[in-house]
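Presented below is the structure to which this report refers.
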Amino acid sequence: MTAVVKLYVDRISQPSRAIVIFCKINDIEFEEIRINLLERQHHSPEYLQVNPMGQVPAIVHAHFQLFESHAILIYLASAYPRVAHHWYPADLFKRAQIHSVLDWHHSNLRRGAAGYVRSSTLGPALGLTLNQNAADEAEQVLASSLSKIESFWLKETGCFLFGANQPSIADLSMVCEIMQFELLDEKDRTRILGPHKKVQKWIENTRDATKPHFDEVNEILPKVKAILQEMQLANEKV
């Protein structure tokens with residue numbers, strides 16, 4: 001595949017970061033087109049021609065358009081022969097395991113993590129009243145999800161999901177999800193991740209396996225955190 005992939009992303013988006021990291025580490029030539037979520041560019045008429053769902057990420061590859069991050073990761077891993085085998089193995093059983101985790105991710109880890117950050121941090125920064133009930137419910141889903149990852153998918157042997165020695169697209173997607181906790185207050189982040197030592201080690205293993213790209217793409221998070229804190233202070237003064 002010789003056409004340059006156009007990535008429609010915003011790096012404040014967890015799935016967007018996973019796609020950018022994946023392209024960088026696998027030397028996939030791409031053009032990064034930022035869709036500014038805070039300015040609601042994902043609802044612009046121009047972008048809705050790319051993704052009618054109005055979400056990021058999305059890609060255009062030659063005449064082919066695709067959205068949903070997991071579908072994009074599977075497509076890129078399949079379309080480029082240079083992509084290392086471990087990201088999306090040819091073995092049918094291993095692929096089925098990866099699909100199972102990715103499907104589980106959306107209704108569990110992502111629902112808990114994104115729900116908690118949205119209720120506890122993004123909402124107040126945007127001038128919304130803290131929804132403590134929603135935050136508490138999301139944290140319960142999140143805690144359950146992290147426990148399931150530790151007890152079921154992170155084995156005693158191996159550094160990654162399923163006891164693998166190298167990461168798959170499932171590792172990258174879910175670790176990028178967890179990285180949004182960098183937007184939280186340190187005490188909240190410690191409370192949530194502190195009990196999950198295996199998850200913390202898994203995050204570090206994924207960072208090491210994808211450096212320097214992992215840190216470079218995620219370096220936006222402290223900047224976003226500072227912006228959100230300024231926005232919340234401004235709202236409190238009104």
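Index from 1, following the sequence. Just so it is clear, the structure is predicted and the values come from calculations on it, not from any experiment.
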_Against V117, only a single residue in L184, D188, L142 fulfils side-chain contact (heavy atoms from CB on, under 4.5 Å); can you say which?_
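Single side-chain contact (heavy atoms from CB on, under 4.5 Å) partner of V117 among L184, D188, L142: L184.
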*Derivation and outcome, salt bridge (Lys or Arg N to Asp or Glu O under 4.0 Å), residues E204 and K201*: CA-CA 5 Å; E204 290 307 310; K201 180 60 176 174; over 6 Å; no
Do [X] and [Y] touch side chain to side chain, with heavy atoms closer than 4.5 Å?
| X | Y | result |
| --- | --- | --- |
| L73 | Y88 | no |
| F214 | D208 | no |
| I33 | V9 | no |
| P89 | I98 | yes |
| H43 | R40 | yes |
| P57 | L7 | no |

On a heavy-atom basis, which atom in [X] and which in [Y] lie closest, and how many Å separate them?
| X | Y | value |
| --- | --- | --- |
| A170 | L102 | CA-CD2, 3.8 Å |
| K155 | F162 | CG-C, 3.8 Å |
| H99 | I74 | NE2-CD1, 3.8 Å |
| N36 | D10 | CA-OD2, 3.4 Å |
| L183 | L221 | CD2-O, 3.5 Å |
| S147 | H196 | OG-CE1, 3.4 Å |

Taking [X] for its side chain and [Y] for its backbone only, find out whether a donor-acceptor pair lies under 3.5 Å.
| X | Y | answer |
| --- | --- | --- |
| E150 | K198 | yes |
| S119 | G115 | yes |
| R111 | S107 | yes |
| Y47 | Q55 | yes |
| N51 | F67 | no |
| Q14 | I178 | no |
| S144 | Q140 | no |
| T210 | H213 | no |
| T190 | K187 | no |

Could you tell me if [Y] and [X] have a donor-acceptor pair between their side chains, going purely by distance under 3.5 Å?
| X | Y | answer |
| --- | --- | --- |
| R82 | N26 | no |
| E46 | Q49 | no |
| S168 | D171 | yes |
| Y8 | H42 | no |
| Q132 | D136 | yes |

In terms of hydrophobic clusters joined by side-chain contacts under 4.5 Å, are [X] and [Y] together?
| X | Y | answer |
| --- | --- | --- |
| L66 | V56 | yes |
| V60 | F64 | yes |
| I227 | I35 | yes |

*Check the pair R189, E182 against salt bridge (Lys or Arg N to Asp or Glu O under 4.0 Å), reporting the backbone distance first and the verdict last.*
CA-CA 7 Å; R189 184 176 183 277; E182 296 294 324; 2.8 Å; yes
_Identified side chain to side chain donor-acceptor pair (under 3.5 Å) partner of E32 from the options K24, K6, R11_ =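 The option that passes is R11.
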*Applying the side chain to side chain donor-acceptor pair (under 3.5 Å) test to S173, which of R110, H106, H70 qualifies?*
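Exactly one candidate clears the test, H70.
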*Which distance, rounded to the nearest 0.5 Å, do you find between the CZ of R34 and the OG of S16?*
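So the gap between those two atoms works out to 10.5 Å.
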_Approximate separation, where rounding is to 0.5 Å, of N131 CG and E137 CD_ =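 The CD atom of E137 is 9.0 Å from CG of N131, to the nearest 0.5 Å.
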